[in-house]
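A quick write-up on the structure given underneath.
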Amino acid sequence: MSVDRVKIPYLPERIAGLGPVATNLSWSWSRNARHLFALVDEPLWHLTRHNPISILRRVAPERLSELARDPVFLDLYDRVMSDFKRDQSFDNTWFKGRHGEVAAGGGTIAYFCAEFGLHNSVPIYSGGLGVLAGDHCKSSSDLGIPLVGIGLYYTRGYFDQKLRLDGWQEDSDEVFDVVNTPLEQVLLPGKEPWLTKVRTFGRDIYLSAWRMHVGRVPVYLIDSNLEQNDPADRDLTSKLYTGGPDVRLRQEWLLGVGGVRILRALNIAPAAWHANEGHAAFMHLERLREHLEVGMSFDEAVQMVRASSVFTTHTPVPAGHDTFSFQQVEQCAGPVWEPMGITREQFLEIGQHPTESEGSFHMTVCALRLSRYVNGVARRHGEVSRQIWTPLWPDREVEKVPIGHVTNGVHKATWMSREMMALFDHHFGHDWGSRVEDPALWEEVLDFDDLRLWETHVALKNDLMNFAREQARRRWARHWKEATHVVGAGTLLNPNTLTIGFARRFATYKRADLIFSDIERLRALLVNNSRPVQIIFAGKAHPADTPGKEILRTVYGYTRDPKLEGRVAFIEDYDLHLAHRLVQGVDLWLNLPRVPMEASGTSGMKAALNGVPQLSTLDGWWHEGYDGLNGWAIPPAASRATPDEWDAGRFYSLLEEQVIPLYYARDERGIPHGWLQKMKHAIRVAGQQFTSRRMLQNYADQYYAPAMRGALAGDDPPIG
Ligand SMILES: *Cc1c(COP(=O)(O)O)cnc(C)c1O
């Protein structure tokens with residue numbers, strides 16, 4: 001199998017290894033590799049928003065020749081190359097040490113997800129689910145877990161967010177130039193790019209695949225944009241989560257069915273199959289078809305599929321679970337049940353919720369029926385999921401519903417700032433990376449020197465403020481005609497002021513507008529002469545989520561409200577790049593989901609790894625992550641107030657009585673001793689419990705290894 005190699009036209013022989021390093025996303029979490037590409041051309045490093053392929057395509061050949069003779073550059077280059085080689089091999093990995101006999105079997109784990117958030121240069125994600133999937137791949141690579149990612153090739157990305165002056169979100173296509181990404185189209189020798197085809201809505205759709213390397217983990221993205229396809233089908237995979245339910249259904253069919261067939265075409269034989277969220281559930285039906293077509297009985301085939309299947313559910317919000325009418329699914333899939341030797345009814349029943357409206361195919365139900373290993377994404381979400389899904393196990397008590405949990409985590413090397421890592425180097429020496437699983441390492445963070453930690457934080461905060469000012473300047477340039485109206489909108493950001501960050505999808509349950517419910521009380525907090533507070537918002541609303549867009553408009557309105565004197569800012573176009581700045585540079589991370597709607601949440605973990613404590617309702621990961629020392633929690637309503645009133649009230653009083661006094665209590669050196677203790681505990685707890693390294697170890701131990709051993713279900717009665 002070959003891949004096209006036209007991305008980087010010229011590299012001197014001595015530094016030719018920059019090509020392979022730039023086209024494997026592992027550079028993005030290697031400090032040395034990042035430094036190396038920044039050295040190639042510092043201005044381009046910033047201009048391209050950290051895109052080494054783009055840098056190597058644009059930098060002058062003379063500059064490259066010069067680097068090929070520069071001893072300082074070459075020294076770093078050689079170190080990067082030797083790390084790169086080591087990190088490609090599967091010889092000495094955690095997985096091999098821990099699950100030797102499974103590893104020796106040579107099987108892989110197919111990880112299906114509708115989006116992957118790996119780096120901002122590959123914009124095929126919309127938010128938390130994608131970023132989590134990205135961190136999942138990165139930690140699998142670190143641990144040597146033989147994962148293969150499967151997703152869709154969104155040639156037009158998600159969307160770029162531009163706010164009108166009145167705060168209404170306009171959605172334009174994201175710019176995505178594949179040549180500047182690590183993606184390469186997979187070509188079989190001497191053949192067309194298409195690898196397989198899938199029949200749906202009465203037509204064959206030919207599919208090709210694009211591949212990128214995430215360290216040791218390959219990720220394949222399915223593409224329907226081929227000449228031989230009907231024009232109406234060519235665009236099917238081009239946009240993430242847009243178009244009506246019909247497009248969505250087709251995309252999910254291509255992901256599930258097409259994904260399995262692409263793996264077959266590439267001769268990849270997974271020993272375990274992980275559907276990350278119900279979007280990928282058709283993958284199970286395709287494997288059911290494979291077993292049935294070779295003559296297995298229906299019950300046997302179901303057992304076979306279940307035994308190797310892992311399913312992760314990600315939300316308790318009903319709208320987060322896709323359902324399609326039987327009629328739609330019939331048009332999409334028909335008549336696939338014929339070669340399967342089952343009836344149409346039998347086929348559709350797989351997605352029928354036992355107690356909800358008849359005639360609807362429920363993707364989560366389908367995945368639950370066909371997976372032996374099922375989990376929620378935090379302890380609390382595991383409990384909530386067992387409750388939600390009891391109807392599928394009508395004979396069991398809630399606690400016995402076979403849904404467990406693996407609490408989400410974040411990829412430390414991606415999310416912890418360079419500056420914070422330098423502080424770790426200073427305290428622990430350069431090899432602390434080998435001790436990250438030792439809880440004692442994280443306890444020792446409590447001994448960090450206050451002044452150094454504070455200076456590190458202040459430097460990161462200044463970076464964020466500069467970044468925010470630059471964004472605001474660009475926005476003025478765009479709206480220059482109306483510029484006089486926007487002056488002041490979020491540009492008075494002051495690095496000495498207590499700064500709160502709130503960045504997430506503008507889904508209604510996340511309640512971005514909650515803090516404005518008592519505007520006078522908020523104003524008194526923000527516009528205080530001696531102890532002011534400022535808040536930075538960021539986030540996109542789903543293009544079809546009108547209520548979410550309304551909330552965004554409301555919040556945006558407050559950035560321009562003279563009463564709040566510029567203490568509320570909004571930074572457009574929340575993506576991975578901006579997320580890094582925010583979680584590293586604010587003082588406090590705010591999260592106000594309506595309990596129990598947040599399955600986990602991960603941005604607070606990213607902030608915590610950078611010493612940014614969180615204030616949150618006790619939902620998602622905070623339910624198990626808050627220990628009284630690492631931030632603040634809003635407990636469940638204790639009065640008859642509505643949850644919104646209660647939570648807002650608690651938010652104001654926590655700020656008034658605890659957060660603000662602690663932040664502004666400075667010692668003789670001008671640093672906030674008490675606040676710094678919160679910061680240290682935030683790092684400690686996140687490092688000990690909420691990294692994706694720990695998450696992947698849990699997945700491997702609880703689910704992947706048993707599924708790969710083909711452990712057939714003993715304690716596993718068929719479900720309703
Ligand atoms: C981490 C992250 C998210 C998810 O954050 P939540 O806390 O789950 O809301 C969404 N978008 C981006 C860009 C992220 O980096």
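First listed ligand is number 1; within each ligand, the first listed atom is number 1.
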- Check whether any side-chain heavy atom of P316 sits under 4.5 Å from a side-chain heavy atom of H381, and report yes or no.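 A side-chain contact exists here, since the closest heavy-atom pair is under 4.5 Å.
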- Message: Salt bridge or not between D587 and K678? Use side-chain N to carboxylate O under 4.0 Å.
- Response: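 No salt bridge links D587 with K678.
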- Message: Check E550 with R553, please: is the shortest side-chain N to carboxylate O separation under 4.0 Å?
- Response: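 Here R553 pairs with E550 in a salt bridge, since their nearest N and O are under 4.0 Å apart.
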- Item | salt bridge (charged side-chain N to carboxylate O under 4.0 Å, His left out) partners for R216, two or more places apart |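 R216: no salt bridge (charged side-chain N to carboxylate O under 4.0 Å, His left out) contacts found.
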- Message: Can you work out which protein residues put a heavy atom within less than 4.0 Å of ligand 1?
- Response: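 The answer is G127, G128, V131, W415, R504, K510, Y574, D575, L576, A579, G601, T602, S603, K606, counting any residue whose heavy atom sits under 4.0 Å from ligand 1.
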- Which class fits the ring pair Y663 and W675: parallel under 30°, tilted 30 to 60°, perpendicular over 60°?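 Y663 and W675: perpendicular rings.
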- Take R684 and D627 through the test salt bridge (Lys or Arg N to Asp or Glu O under 4.0 Å) and record every step on the way to the result. CA-CA 11 Å; R684 173 184 60 82; D627 71 353; 2.7 Å; yes
